Amino acid sequence: MKRILLICLMLPLLAQPLCAQGGILRGLSKAKKSGRVVNASKLSQNQVTRVLRKRTTRTFNQASTLRRSIRDPRPLPFFSEPIVKTRRTQQLDAKKIYPDKPFLTHSRQVADYMAAESNRLMLKDLYNIQTLWEEIDKNLPKLEQIAQQSPQPVHFTEWMSQQIPEQTSMLFIGEEHGYYEIRKQVSELLTLLRKKYPNREIMLFTEFLTEDFQWSEHAVDPYDPRNLYVPIWQNALKNNIPVIGLEPLFVLENRGEVTIKAPNGKTRDINQWIQREGIRLRNERWKQTLQRYRAQHPDALFVVYSGTGHSLYYYPFSLSQQFPAEHVFVTALYPDKHSTIQSNGFLKIAKESSESFQGPLERLTNGVEFPQPMLHFKDPALSNLVGFNIRFKVPVNLERYRFEHGF
């Protein structure tokens, strides 16, 4: 019954045009034919802006309606609140972000176009999550059984390096950002990969450097080269593993914010590049970069290191789904606990939570916990369902976390 109701809600929403360009161009054509136009180019710009602002509002209302219809208490994966408005849009270069959409000519238009696209994409994702939840519920006994049988090695990285199938050519390492211990595990894994494949070409691609930038001790990147990831890059080079950036320069140069609104009415501002359309644009560009290098290095092991939002199998536009499945292996690294941040004016205090960190799997299971630090799913169907082949909750020192983040 819930599925039927959801389909009824989705049909009129998905019937809306998914491409703003067609509607905009039709509107511009009508404007030019009317006798009221003196400066056609100026009117075209104004009309594009009006159409996009209206579409942001309309798609927000559509996504909000569908979002409120979901009664399941599970938290939704990804950012699942629609965008109500855009903010700080002064630095969005239309030609760099959307070179194939000439009707976008200034920053506010780009921001509104991205917002409307994110809201439309959310409509599809809100429908898909229902199917994912049903599959999770159906397979929950099997998932729990495998979790109970998963080995819990003392030396995670050494064990994990041995689990990677020989045919793997795309190894995705997804992390929860901000933890020294997780970065240390990544660095150790690179050493073990070189030990496992002493004669194989290995290349490290990462979100934390700009596109095509090859890191070295003396190179200068638009990202701060003295950032917290430098020890990983140093160890990679020590193991004859070149480090290459994935993040397009336009992401760093073009910053904006969007305001998202939850069903309870609460709003918050987030970076536009972590909303759906921003992730789609970034992942598409990352994929193109990886394909270019693959053409030059057909037999190399590519290690792709980023946040989990770019690599979990079921996430929107996941890179792990863009390459032949038999050559892909996904690992997900999370802290075993987390801090709760309390703010009192300018004072922020981070306190250790008594609860373990909930990764994406725990958020999918309606309160069912997977306390095992290590999870390993060998069945491809189950891996696709939970989002990874291996998950490890890394023991972290929150005192160090608070020091690094200024709390």
Side-chain angles (χ1 to χ4, degrees), residues 96 155-158 160-161 164 168-255 271 273 282-283 285-308 310-311 319 331 333 335 394 396-397 400-406:
K96 292 181 179 179
H155 302 291
F156 157 72
T157 49
E158 184 174 354
M160 195 196 79
S161 68
I164 301 171
T168 300
S169 62
M170 301 292 297
L171 172 61
F172 291 91
I173 304 177
E175 72 164 17
E176 180 76 15
H177 297 322
Y179 294 89
Y180 162 80
E181 291 83 0
I182 289 178
R183 298 193 299 272
K184 185 178 179 182
Q185 294 281 355
V186 173
S187 185
E188 291 176 359
L189 179 59
L190 294 176
T191 299
L192 289 163
L193 288 174
R194 174 51 70 206
K195 182 179 179 181
K196 182 176 182 178
Y197 303 112
N199 301 314
R200 186 177 185 183
E201 184 179 24
I202 304 174
M203 305 178 75
L204 175 62
F205 295 87
T206 181
E207 167 186 10
F208 310 113
L209 294 169
T210 53
E211 182 180 280
D212 285 324
F213 177 85
Q214 189 158 335
W215 191 87
S216 72
E217 288 283 1
H218 306 292
V220 178
D221 183 58
Y223 273 132
D224 180 5
R226 299 295 101 186
N227 64 28
L228 297 174
Y229 294 92
V230 165
I232 299 177
W233 316 151
Q234 291 172 329
N235 189 52
L237 294 190
K238 180 181 177 181
N239 284 282
N240 193 29
I241 301 174
V243 183
I244 301 163
L246 287 173
E247 194 73 286
L249 191 57
F250 64 70
V251 173
L252 303 179
E253 293 176 336
N254 299 270
R255 295 284 183 171
N271 188 306
W273 294 111
R282 294 165 67 199
N283 282 9
R285 190 67 170 255
W286 294 11
K287 181 181 75 172
Q288 293 172 9
T289 298
L290 292 167
Q291 288 174 330
R292 280 193 287 107
Y293 280 91
R294 177 59 73 195
Q296 301 169 20
H297 307 270
D299 300 319
L301 172 61
F302 284 10
V303 180
V304 182
Y305 175 37
S306 68
T308 54
H310 298 278
S311 59
L319 281 170
T331 65
L333 305 180
V394 180
V396 299
N397 181 343
R400 180 158 191 152
Y401 173 85
R402 290 191 280 271
F403 172 77
E404 287 187 352
H405 294 272

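Keep in mind the model is a prediction, meaning the values are calculated, not measured.
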Exactly one candidate in F205, F208, F172 meets ring-ring contact (aromatic ring centres under 6.0 Å, His included) with Y305; the answer is F208
Step-by-step side-chain contact (heavy atoms from CB on, under 4.5 Å) determination, L333 to F156: CA-CA 11 Å; L333 305 180; F156 157 72; 3.8 Å; yes
What residues form a side-chain hydrogen bond (donor to acceptor under 3.5 Å, both in side chains) with T210, not counting sequence neighbours? D221
Listed partners of P248 passing side-chain contact (heavy atoms from CB on, under 4.5 Å), at least two apart: E211, F250, V251, R285, W286
Between T206 and W215, does a side-chain contact (heavy atoms from CB on, under 4.5 Å) hold up when you go through it step by step? CA-CA 11 Å; T206 181; W215 191 87; over 6 Å; no
Can you pull out every salt bridge (charged side-chain N to carboxylate O under 4.0 Å, His left out) where at least one residue sits in residues 232-247? Sequence neighbours excluded, please. E247-R282
What residues, two or more places apart in sequence or in another chain, satisfy side-chain contact (heavy atoms from CB on, under 4.5 Å) together with N239? T191, R194, N235, I241
Of all heavy-atom pairs between W233 and N227, which one has the smallest distance, and what is that distance? NE1-OD1, 4.2 Å
Other residues, nucleotides and ligands only: do more than 12 of their heavy atoms fall within 6.0 Å of NZ on K196? yes
Determine all donor-acceptor pairs shorter than 3.5 Å in which one atom belongs to a side chain in residues 296-303; sequence neighbours excluded.
unit_1, atom_1, unit_2, atom_2, d
H297, ND1, E201, OE1, 3.2
H297, ND1, E201, OE2, 2.7

What pairs with T331 under side-chain contact (heavy atoms from CB on, under 4.5 Å), at least two apart in sequence or on another chain? M160, L171, I173, F329, I390
Let me confirm one number: the CG-CE distance from N240 to M203, rounded to the nearest 0.5 Å. 10.5 Å
Rounded to the nearest 0.5 Å, what separates atom CD1 in I202 from atom OG in S169? 12.5 Å
Which residues satisfy the side-chain hydrogen bond (donor to acceptor under 3.5 Å, both in side chains) test with K96, sequence neighbours excluded? E253
Sequence neighbours excluded, which residues qualify as salt bridge (charged side-chain N to carboxylate O under 4.0 Å, His left out) partners of K195? none
Is there a side-chain contact between L319 and S311, using heavy atoms and a 4.5 Å cut-off? no
Heavy-atom count around E158 CD within 6.0 Å, excluding the residue itself: above 12? no
Does E207 reach the main-chain N or O of G307 with its side chain, forming a donor-acceptor pair under 3.5 Å? yes
Those residues that, when tested against E188, pass salt bridge (charged side-chain N to carboxylate O under 4.0 Å, His left out) (two or more places apart): none
All side-chain hydrogen bond (donor to acceptor under 3.5 Å, both in side chains) counterparts of Q291, not counting sequence neighbours: none
Just so I know, are the side chains of P242 and Q214 near enough to count as touching, which here means a heavy-atom distance under 4.5 Å? yes
Which pair of heavy atoms, one from E176 and one from I182, lies closest together, and at what distance? O-CD1, 3.7 Å
Taken in chain and number order and not counting sequence neighbours, the residues that satisfy side-chain hydrogen bond (donor to acceptor under 3.5 Å, both in side chains) with D212 are R292, Y293
Closest non-hydrogen atom pair between L189 and S161, with its separation: CD1-CB, 4.0 Å
Walk me through it: do R294 and M170 pass the test side-chain contact (heavy atoms from CB on, under 4.5 Å)? CA-CA 10 Å; R294 177 59 73 195; M170 301 292 297; 3.3 Å; yes
To the nearest 0.5 Å, tell me how far H310 NE2 sits from E175 CD. 10.5 Å
Examine distances only and state if a side-chain atom of W273 and a backbone atom of L252 form a donor-acceptor pair shorter than 3.5 Å. no
Which pair of non-hydrogen atoms, one from A236 and one from V243, has the smallest distance, and what is that distance? CB-CG2, 3.5 Å
Would you say E181's side chain and P335's backbone share a donor-acceptor pair under 3.5 angstrom? no
